[in-house]
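All residue numbers refer to positions in the sequence shown, counting from 1. The figures that follow rest on heavy atoms only: side chains count, while hydrogens, waters and symmetry mates do not.
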Amino acid sequence: MTDQTTYPPSDDFAANAHVNAAKYDEMYAASINDPEGFWREQARRLDWMTFPQTIKNTSFKSDDVSIKWYEDGVLNVAANCVDRHLEKRADQTAIIFEPDDPEKPAQHITYKELSEKVNRMANVLLSQGVMRGDRVVIYLPMIPEAAYAMLACARIGAIHSIVFAGFSPDALANRINDCGAKLVITADTAPRGGRVTALKSNTDAALLHCSDKVRCLVVKHTGDQTTWIQGRDVDVKYLMEHASPECPARPMNAEDPLFILYTSGSTGKPKGVVHSTGGYLTYASLTHEVSFDYHEGDVYWCTADVGWVTGHTYIVYGPLANGATTLMFEGVPTYPDASRFWQVCEKHKVAQFYTAPTAIRALMGQGEDFVTKCDLSSLKLLGTVGEPINPEAWNWYNDVVGKGKCPIVDTWWQTETGGHMMTPLPGAHATKPGAAMKPFFGVQPVVLEPTSGEIIEETATEGVLAIKDSWPGQMRTVWGDHERFEQTYFSDYKGYYFSGDGCRRDADGDYWITGRVDDVINVSGHRMGTAEVESALVAHAKVAEAAVVGYPHDIKGQGIYCYVTLMNDVEPSDELKKELRTWVRTEIGPIASPDLIQWAPGLPKTRSGKIMRRILRKIAENDYGALGDISTLADPSVVEELIENRMNKG
Ligand code: 6R9
């Protein structure tokens, strides 16, 4: 029995795809029955200085989690993403750079040019005293230098940590300090959607809170004037011009960290997710080729930012490991107008296009003309990532953008997983609007009963989503806090990796992700801990207490709803709401702007003082009928008051 409308791959697509239905079944079975054999074979995708003998050595035991893949293998990521392609594709474009301003020319950077830039940048890093294992924070916009910097770090064995250019100086400082970075790479200013972010001055502000040993490498991107601190600030482009174009790729152990990427959880400050060298790259390369059915000569475009994991795995590491042509776009979907994405697809003859549901929803609202006036005949496949996609957006993507001819891969994965965990494979599986469908090779999803943690065996079911055994792309630890790694992912459901997501498995055995079951919200595909926004709010002198929840938002998926209790002597006002909004933007960054602030004279708490978020979520959703049992509240009358306030706001 099928669950609902399905879209099987066309015969043509299936016939030419890397993986068809029979091959998926065969490979999936092999990946589960003989993981060592399967992943030994897959490791041959990469060039190793020493090929690994030990393939898998992993344990999900909750107080002793240890994940190692290819542990005696030796390789270099930059050598795999650049050097090894030079023999065959020196003159092929590796990166197409499309600037924010459509009037400015695009850049086509060949593998040969990429090699030169990466080697020069690596020498610059060495000249600044960066050594193997040192951390380098990258705070750059979507410009080729971001990719050069990542690969330059990889080349010399330094660990990069990219901080999204939309984050505030405070957020940047916290990350520089948490990972103990020796150096930060930034740009003067960053144009985006016609507006300009002053990255260098943000960095100046951040560095006031960091060790004065931290150096600052500046990419002069726009040429805008910035402050300059002699002895600390360094002009990267100038130094690159004078550096040698040759820098040996350092032999790295497969388990050496490649990068740290900070991500939000349900409690505390963001965690530094640590990814490995060998396992991560193997997984990035395989998923990129198979999920997107990438073929030689295709132009591939992932619209994410390199500040997020999607940019790491599917703009830089996966595509370049595969010798692909990957497009980097500096701008936004709606600038100068809502046809920008489609014009870029037409201009560069994009074959695979990968974006987020929030962008699709925003563009869908602008009407079809912006799409139909562009020639999208080069498109072969569409992808989505970041949050559940609603069927209306899926159908619009399929009909209007893909003209019913491009399979849509709805890829479910996380910063922690390194690469795709569930997705239909385009030549193998039928798709369903809104379903992540099937596990990737080596991934064993289980649906657990939320309270007992028992595996639910029935096919059609709903529960929390966990993974039974390790895969090579999995994160290895939380930077500096392995116990937090074990606590966060392996303690609620013993023996499994717990994703934090809920899911439904339909009667066909296909998976649908239903969203986070913890206090993480997903705003326009950006992950945020409600606790982070709360702690920003209570840091304001006029705020006594705050509780933050997500609520359904047409474009963003979820919006940020803040209940705020003011200090005794403070009068609520619209000006104060504005002030708090600006406050949160400065504390965290514009992506954390509260959408709605409601004054809350009291918050619903249990007698032990725990805020009952379930109730706050319902009120934010305007769903007062289903508040459930409120008898355990210390003061049930606060609920009525909150509802009244909510209704008065309309
Ligand atoms: C890659 C990325 C991870 C969270 C994840 C889930 C949500 C991602 C999704 C999806 C439904 C999809 N998510 N892809 N939900 N369908 N195809 O987004 O990583 O920023 O760490 O976010 O995003 O809730 O747990 P990250």
Side-chain angles (χ1 to χ4, degrees), residues 27 30-60 65-87 115 118 122 131-135 150-160 247-261 273-290 309 312-313 316-323 416-420 440-443 469-477 479 482 485 497:
M27 286 176 76
S31 74
I32 303 305
N33 300 335
D34 177 21
E36 306 242 342
F38 182 87
W39 291 111
R40 178 178 294 108
E41 217 29 58
Q42 290 305 328
R44 298 192 199 284
R45 311 177 63 80
L46 304 183
D47 275 7
W48 298 80
M49 295 158 175
T50 308
F51 194 81
Q53 297 305 311
T54 309
I55 304 300
K56 178 176 189 283
N57 179 6
T58 65
S59 155
F60 277 9
V65 179
S66 161
I67 293 151
K68 291 185 182 142
W69 286 87
Y70 310 126
E71 60 186 286
D72 55 354
V74 179
L75 75 166
N76 182 281
V77 166
N80 273 281
C81 291
V82 186
D83 308 23
R84 67 169 174 156
H85 303 312
L86 293 177
E87 196 182 324
S115 163
V118 171
M131 299 197 281
R132 178 189 180 130
D134 283 346
R135 276 78 61 206
M150 293 163 80
L151 292 163
C153 287
R155 193 160 193 91
I156 62 170
I159 304 167
H160 62 71
C247 174
R250 189 181 263 278
M252 300 300 290
N253 181 273
E255 278 300 321
D256 282 333
L258 176 64
F259 65 85
I260 303 169
L261 184 57
V273 167
V274 177
H275 278 290
S276 70
T277 294
Y280 170 80
L281 197 66
T282 306
Y283 202 71
S285 158
L286 177 66
T287 49
H288 170 261
E289 181 176 281
V290 170
V309 74
H312 284 65
T313 308
V316 178
Y317 290 121
L320 296 179
N322 292 340
E416 294 87 340
T417 70
H420 299 157
F440 195 77
F441 304 134
V443 174
D469 199 358
S470 184
W471 61 99
Q474 181 170 27
M475 74 183 281
R476 302 302 197 248
T477 189
W479 180 258
H482 194 67
F485 175 56
Y497 165 80

Spacing of Met252 atom CE and Leu258 atom CG [to the nearest 0.5 Å]: 8.5 Å
Residues Glu41 and Arg44 bridged, charged N to O under 4.0 Å: yes
Going by salt bridge (Lys or Arg N to Asp or Glu O under 4.0 Å), Asp256 matches just one of Arg250, Lys68, Arg132. Which one? Arg132
So, for Cys247 and Ile156, which heavy atoms are closest and what is the spacing to 0.1 Å? SG-CG2, 4.0 Å
Please answer whether the main-chain N or O of Leu261 pairs with a side-chain N or O of His275 as donor and acceptor at a distance below 3.5 Å. no
Are any side-chain N or O atoms of Thr417 and backbone N or O atoms of Gly419, one a donor and one an acceptor, separated by less than 3.5 Å? yes
With rounding to the nearest 0.5 angstrom, report the CZ to CH2 distance, Phe441 to Trp39. 8.5 Å
Nearest atoms (heavy-atom pairs only) where Leu281 meets Cys81: CD1-SG, 4.2 Å
Taking the side chain from Thr313 and the backbone from Gly418, do they hold a donor-acceptor pair closer than 3.5 Å? yes
Side-chain touch Val274/Phe485, heavy atoms, less than 4.5 angstrom: no
Between Ala249 and Ala79 the two heavy atoms that sit nearest each other are CB-CB, 4.1 Å
Once you round to the nearest 0.5 Å, how far does CD1 of Ile32 lie from CG of Asp469? 8.0 Å
Before giving the answer on side-chain contact (heavy atoms from CB on, under 4.5 Å), spell out for Tyr317 and His288 the whole-Å C-alpha distance, their side-chain angles and the decisive distance to 0.1 Å. CA-CA 9 Å; Tyr317 290 121; His288 170 261; over 6 Å; no
Which heavy-atom pair separates Ser31 from Gly442 by the least distance, and what is that distance? OG-N, 2.8 Å
Output, in order, the C-alpha distance, side-chain angles, deciding distance and verdict of side-chain contact (heavy atoms from CB on, under 4.5 Å) for Tyr280 and Val77. CA-CA 10 Å; Tyr280 170 80; Val77 166; over 6 Å; no
Can you confirm whether Thr50 sits close enough to Pro251 that some side-chain heavy atom of one is under 4.5 Å from a side-chain heavy atom of the other? no
Can you give me the closest heavy-atom contact between Gly278 and Leu46, atom names plus distance? O-CD1, 4.0 Å
Gap separating the CZ atom of Arg476 from the OG atom of Ser66, nearest 0.5 angstrom: 9.5 Å
Flag, side chain of Arg84 to backbone of Gly323, donor-acceptor distance under 3.5 Å: no
Close side-chain approach of Tyr497 and Gln474, heavy atoms under 4.5 Å: yes
Answer whether the closest heavy-atom distance between the side chains of Asn322 and Arg45 falls below 4.5 Å. yes
Is a side-chain N or O of Asp47 found less than 3.5 angstrom from the main chain of Asn80, in a donor-acceptor match? no
Do Phe60 and Ile67 make a side-chain contact, defined as non-hydrogen atoms from C-beta onward lying under 4.5 Å apart? yes
Look at atom CE of Met49 and say whether more than 12 heavy atoms of other residues, nucleotides or ligands are closer to it than 6.0 Å. yes
Give, for atom CZ of Arg40 and atom OH of Tyr70, the distance between the pair rounded to the nearest 0.5 Å. 9.5 Å
Distance col, row Trp48:CH2 vs Asp72:CG, nearest 0.5 angstrom, shows 9.0 Å
I'd like to know whether the aromatic ring centres of Tyr283 and Trp69 sit less than 6.0 Å apart in this structure. no
Heavy-atom closest pair, residues Lys56 and Pro35: CD-CB, 4.2 Å
Where do Ile55 and Phe38 land on the side-chain contact (heavy atoms from CB on, under 4.5 Å) test, with the steps shown first? CA-CA 10 Å; Ile55 304 300; Phe38 182 87; over 6 Å; no
Tell me if the centroids of the rings in Phe440 and His420 come within less than 6.0 Å of each other. no
Is the shortest side-chain heavy-atom distance between Arg155 and Asp83 below 4.5 Å? yes
side-chain contact (heavy atoms from CB on, under 4.5 Å) assessment of His160 paired with His312: CA-CA 11 Å; His160 62 71; His312 284 65; 3.7 Å; yes
